[in-house]
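Some notes on the structure that comes next.
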Amino acid sequence: VHADCDLLNSVSIIILFQTVHYQWKMARRRITQETFDAAVRENMEEFEMAADEALKEAVEQFESQGVDLSYIVKAAPAETSDEKQEAQTHEILQVLDSLRNGKDCTDVMDLMGDLKGFTEHCSVDFAQRYLAAQKDAYPVILSCCKKSLDRQEAVLTSTLALAALTDGQPDLLDTEGQRLLLDILRKYRSDSAVTRAAILAVRHCCLKHEQNRQDLVSAGVLALLTAAITQHSECAELVKEASVALRVMTFDDDVRVTFGHAHEHAKVIVMEHSGLKVLIDAAKDHLENTSVLSELCATLSRLAVRNEFCQDICDLGGLKLMMTLLADSYESSVMSLPELQELVRQILSAIRAVAGNDDVKDAVANAGGVQLIVIAMNRHISSSPVCEQGCACLSVLALRKPSNCRVIMENGGALAAIQSMKTHTDAVNVQKQACMLLRNLVSRMPTYSQPILEMGAEALIAQAVKTHQDCGDVGKAALRDLGCKVELRELWTGKHGSLTN
């Protein structure tokens, strides 16, 4: 009987998988740009529609069939006497043809206008870049970059074109392109504009591409990135771009790779290139620049991957800087609300990361960090990202630290979490982090259960468990530790025979 049940379950799983896979394939159907353009042209010629009407009709027609149009340039093709002249149907292809025809010219400066136009078209949306790549734009732009190596203005313009083309298309970069980017970074290390453009291209080519990351790191890109921040510390945009590029090197976002080198890259940045000191010093140089500070805090949080690194950030003055920035943000009148909330979110994320070290937990609490975090949550209660990071930060501080739990309770941390749950009922991550905080507060301090329950925690947690599947385990654990009645289902007891039966 059990064997028959297992067989039925296996068949059901296979059928479910096939159904989901078929639905996914149907939802992701694609067409070529030529097919889309032909449909628009047919609407114009056969049904005598105006260009805008023909375009709208084609879009609605394909979307109704489940076709993915994110890769399609949705513009009426220009009229042409020769249907084979595909390059004349869209402006970006016209510019690309001009670059292709002029790539053998003796003076690279003659291509500057077309390169700038190409960059502008690529910056419109992904569809423009994708269409250009499908028409072999990469070797054309790479050739322009190589020809312009000895001319500052030309190399800046061509590198920006390469960066624009590879945005969202990191697979375009080849070994020759990797060497070229490193050569540009080395040759123009004293030029902030060219360096920034090359770093932008590096970032685009490493996002969601593990092999490019590993190749560039092996070739020495990390030393060039950290040196650029130090050498051009006064250039806010370069510091920000280099900080983001360093952070991308610690990502594990390439679904094609089972195991990446994110942790190894973070260690190299810290141990071989003094990355923590470089970033903290850069933050001190840009205390008035919200966007730079946000990026630097985000990168610091990605580098806090080891216990000693968390302590190093504290010893280098990083924790004190975060506390100061958090306190100063309350009185800021020059930042817009979105900018302010993003900065607060990143500061809280960085504190959360370094507080993985138990000694740093104490340092945060002793420095008045709990009060600052609770104030930030209450001031920005309408922001789910701030509430999420605030709850997560307090949860880490409370973990294995009864003394910190007392400080959190006394300063209204539990009440802030409850209010976050009430305000953001649809934000699953807010609900999860709040449940984790409430559980950590009572796991070693059961006397706090009753005060938290009196705040209405039980109903809110139960609703989170019911509404969000991802809250199931952490929500039930919180209810259990609060002393509430909760149904815990045993998934497997080890009975009914051995695994070989």
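Computed from a predicted structure; not experimentally measured. What you see below is based on every heavy atom in this structure, not just the backbone, and it leaves out hydrogens, waters and symmetry mates.
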Do [X] and [Y] sit within salt-bridge range, that is, some charged N less than 4.0 Å from a carboxylate O?
X: Glu210; Y: Arg256; result: no
X: Lys277; Y: Asp312; result: no
X: Lys267; Y: Glu264; result: no
X: Asp253; Y: Lys208; result: no
X: Arg179; Y: Glu176; result: no

Indicate yes or no for a side-chain donor-acceptor contact from [X] to the backbone of [Y] under 3.5 Å, with no hydrogens or angles considered.
X: Thr159; Y: Val155; result: yes
X: Arg129; Y: Asp167; result: yes
X: Asp285; Y: Glu234; result: no
X: Thr299; Y: Ser243; result: yes
X: His204; Y: Thr166; result: no
X: Arg189; Y: Arg186; result: yes
X: Lys284; Y: Leu279; result: no
X: Thr230; Y: Thr226; result: yes

Surrounding [atom1] of [X] (heavy atoms of other residues, nucleotides or ligands, distance under 6.0 Å), is the total greater than 12?
X: Met455; atom1: CE; answer: yes
X: Asp171; atom1: CG; answer: yes
X: Glu454; atom1: CD; answer: yes

Separation of [Y] [atom2] from [X] [atom1] (nearest 0.5 Å):
X: Leu300; Y: Ile347; atom1: CG; atom2: CD1; result: 11.5 Å
X: Ser192; Y: Leu238; atom1: OG; atom2: CG; result: 6.5 Å
X: Lys466; Y: Gln463; atom1: NZ; atom2: CD; result: 6.0 Å
X: His265; Y: Cys206; atom1: NE2; atom2: SG; result: 9.0 Å
X: His286; Y: Ser233; atom1: NE2; atom2: OG; result: 6.0 Å
X: Asn366; Y: Lys361; atom1: CG; atom2: NZ; result: 13.5 Å

Minimum-distance pair of heavy atoms, taken over all atoms of [X] and [Y]:
X: Ile269; Y: Leu246; answer: CD1-O, 3.8 Å
X: Leu165; Y: Ala133; answer: CD1-N, 4.2 Å
X: Ala236; Y: Val292; answer: O-CG2, 3.6 Å
X: Arg30; Y: Asp68; answer: NE-OD2, 4.2 Å
X: Asp470; Y: Val474; answer: O-CG1, 4.5 Å
X: Thr195; Y: Asp191; answer: OG1-O, 2.7 Å

Do [X] and [Y] touch side chain to side chain, with heavy atoms closer than 4.5 Å?
X: Leu482; Y: Ile461; answer: yes
X: Asp362; Y: Lys401; answer: yes
X: Leu326; Y: Leu348; answer: yes

Asp125: side chain to side chain donor-acceptor pair (under 3.5 Å) partners, not counting sequence neighbours: none

List in chain and number order the residues that pass side-chain contact (heavy atoms from CB on, under 4.5 Å) with [X], two or more places apart in sequence or in another chain; answer none if no residue qualifies.
X: His468; answer: Val428, Gln431, Cys471
X: Ala298; answer: Arg247, Gln346
X: Ala283; answer: Leu293, Leu296, Leu321
X: Leu181; answer: Leu162, Leu173, Ala201, Val202

Given Val430, Leu415, Leu437, the one that forms side-chain contact (heavy atoms from CB on, under 4.5 Å) with Ser420: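 The single option meeting the side-chain contact (heavy atoms from CB on, under 4.5 Å) with Ser420 is Val430.
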
Please list every donor-acceptor pair under 3.5 Å in which a side-chain atom of residues 384-400 meets a protein atom from a residue at least two apart or in another chain.
unit_1: Gln389; atom_1: OE1; unit_2: Arg352; atom_2: NH1; d: 3.4
unit_1: Ser395; atom_1: OG; unit_2: Asn440; atom_2: ND2; d: 2.9
unit_1: Arg400; atom_1: NH2; unit_2: Asp358; atom_2: OD1; d: 2.9
unit_1: Arg400; atom_1: NH2; unit_2: Asp358; atom_2: OD2; d: 3.4

Ring-face cation of Arg213 near Phe251 (centre distance under 6.0 Å, axis angle within 45°): no

Geometric cation-pi criterion Arg306 and Phe309, 6.0 Å radius, 45° cone: yes

Asp174 versus Gln178, side-chain donor and acceptor atoms under 3.5 Å: no

Residues Gln311 and Asn307: side-chain donor-acceptor under 3.5 angstrom: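 Looking only at side-chain atoms, Asn307 and Gln311 do not form any donor-acceptor pair under 3.5 Å.
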
